Enquirer: 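For reference, the structure I am asking about is given below.
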2 protein chains.
Amino acid sequence: MRLTEKRIAAALREHGYKLTPQRRVVIGAIAASPDHLTPADLYQKAHQDHPTIGLTTIYRTLEILARLELICELHAGGSCRSYTIGAPEHHHHIICSVCGEVVDFSGYDISPLEKRLSRETGFEIEGHLLEFIGRCQNCQQNA
Amino acid sequence: MRLTEKRIAAALREHGYKLTPQRRVVIGAIAASPDHLTPADLYQKAHQDHPTIGLTTIYRTLEILARLELICELHAGGSCRSYTIGAPEHHHHIICSVCGEVVDFSGYDISPLEKRLSRETGFEIEGHLLEFIGRCQNCQQNA
DNA sequence: TGTGTAAATGATAATCCTTTTCATTTAGAG
DNA sequence: CTCTAAATGAAAAGGATTATCATTTACACA
């Protein structure tokens, strides 16, 4: 068992979660892969070591690990896809985590970073996604 | 009909798409709202002006408008949620739009922008999402 | 102003992905 | 070893999105 796995196991225990074989397997699978894996990917991998594991358990384990910030989730939570008028490149968003309000902001030039990444990684950058999550003023007051 | 609606209509025509009443209604609904709207939201709004419109048409229209960059989609395309080991705050991602490979990068400090936004909008920022989409070197060569 | 045709529509069904439910099992404290 | 709350997994439910296909329609061209 590698260091990261031990650390995750310890963190689970610290927060009062039981360390089940199923959770070990999920943690092992996610720690062993350098790639981003979907819940279905992880189910498949975990299934090799633990054939009776249920998909539900994968989802539940991922939710816990993500909440404890032991794993990293690509794309912010909730369902994707909502739309507004206007071209994507000219502004970005701040989304209220409580009420869902979306505020746009502009005036931030991300192209220097884009150039640096293109140079360092060889990627031909086609676009980006920059969003902030937080609490709007209203929801701060109502808390 | 407002200016933005006319521009969108013109752009559709330019690209060889027909300007149907249904598309007009969807465009009108999205242009009239300052908020981000889900496909379901838009269906509801469009339905008021065009009671026989189908949800399928909403999806198809949104897909076209997004591809032409006439509207802005919140969250990058495709299905959400994949996971990797590690805490979210310490790195960001570049995702290949062809093969799906994910490359991490770090060393970019977003906190100055975060502070500026907090000051300007009153939001209490909880987190952010910064991702780049592009083509990795392999996929550039294979094209 | 008609007419023909490819494009667009919408009802329905099919697919996914994710969450809920609930009876059963189990980790781990004592 | 025992007990209990937590965890599991099968199944069903739910929700969002996509595919299918017969019908309708926008609009280019006569």
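Please read these numbers as outputs of a predicted model, since none were measured by experiment.
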Enquirer: Can you measure from CG (A:Leu130) to CG (B:Leu113) and round to the nearest 0.5 angstrom?
Expert: 6.5 Å
Enquirer: Could you check which of D:dT8, D:dT17, C:dG10 has an atom nearest any side-chain atom of B:Thr52?
Expert: C:dG10
Enquirer: With clusters defined by side-chain heavy atoms of hydrophobic residues (ILVMFWY) lying less than 4.5 Å apart, directly or transitively, does B:Leu70 cluster with B:Leu37?
Expert: yes
Enquirer: Please report the distance, rounded to the nearest Å, between OH in A:Tyr59 and P in D:dA10.
Expert: 16 Å
Enquirer: In whole angstrom, give the distance that lies between atom NE2 of B:His15 and atom C1' of C:dA6.
Expert: 19 Å
Enquirer: Rounded to whole angstrom units, what separation is found between the CD1 atom of A:Ile58 and the P atom of D:dA10?
Expert: 12 Å
Enquirer: One character per nucleotide, please: for nucleotides 24-30 of chain D, 5' to 3', B when the base has a protein heavy atom closer than 4.0 Å, S when only the sugar-phosphate does, - otherwise.
Expert: --BSS--
Enquirer: Does C:dT9 have its OP1 or OP2 closer than 4.0 Å to a side-chain nitrogen or oxygen of B:Arg23?
Expert: yes
Enquirer: Name all pairs fulfilling the salt bridge (charged side-chain N to carboxylate O under 4.0 Å, His left out) condition that reach into residues 116-125 of chain A, sequence neighbours left out, sorted by first residue then second.
Expert: A:Arg116-A:Glu120
Enquirer: To the nearest Å, give me how far apart CD1 (A:Ile64) and C1' (C:dA27) are.
Expert: 14 Å
Enquirer: A:Arg67: which residues meet the side-chain hydrogen bond (donor to acceptor under 3.5 Å, both in side chains) condition with it, sequence neighbours left out?
Expert: A:Tyr17, A:Glu63
Enquirer: Are B:Leu55 and B:Val25 linked, directly or through intermediate hydrophobic residues, by side-chain heavy-atom contacts shorter than 4.5 Å (ILVMFWY only)?
Expert: no
Enquirer: Send over the distance from B:Asp41 CG to D:dG15 P, rounded to a whole Å.
Expert: 15 Å
Enquirer: Could you tell me whether a side-chain N or O of B:Glu5 sits under 3.5 Å from a main-chain N or O of B:Ala29, the two making a donor and an acceptor?
Expert: no
Enquirer: With sequence neighbours excluded, tell me which residues meet ring-ring contact (aromatic ring centres under 6.0 Å, His included) with A:His47.
Expert: A:Tyr43
Enquirer: Could you give the CD-to-P distance, from B:Glu63 to C:dA8, as a whole number of Å?
Expert: 12 Å
Enquirer: At what angle, to 10 degrees, do the two end axes of the helix from C:dT1-D:dA30 to C:dG30-D:dC1 meet, given five pairs define each axis?
Expert: 40°
Enquirer: C:dA13 C1' sits how many Å from B:Leu55 CG, rounded?
Expert: 14 Å
Enquirer: Return whichever of B:Thr56 or B:Gly16 has its heavy-atom-nearest nucleotide of DNA chain C closer to the 5' end.
Expert: B:Gly16
Enquirer: Begin from the C-alpha positions of B:Leu65 and B:Leu12 and carry the test side-chain contact (heavy atoms from CB on, under 4.5 Å) through to its verdict.
Expert: CA-CA 8 Å; B:Leu65 296 178; B:Leu12 272 187; 4.2 Å; yes
Enquirer: When the distance from CZ of B:Arg60 to P of D:dC21 is rounded to whole Å, what number comes out?
Expert: 14 Å
Enquirer: Residues in side-chain hydrogen bond (donor to acceptor under 3.5 Å, both in side chains) with B:Thr56, at least two apart?
Expert: none
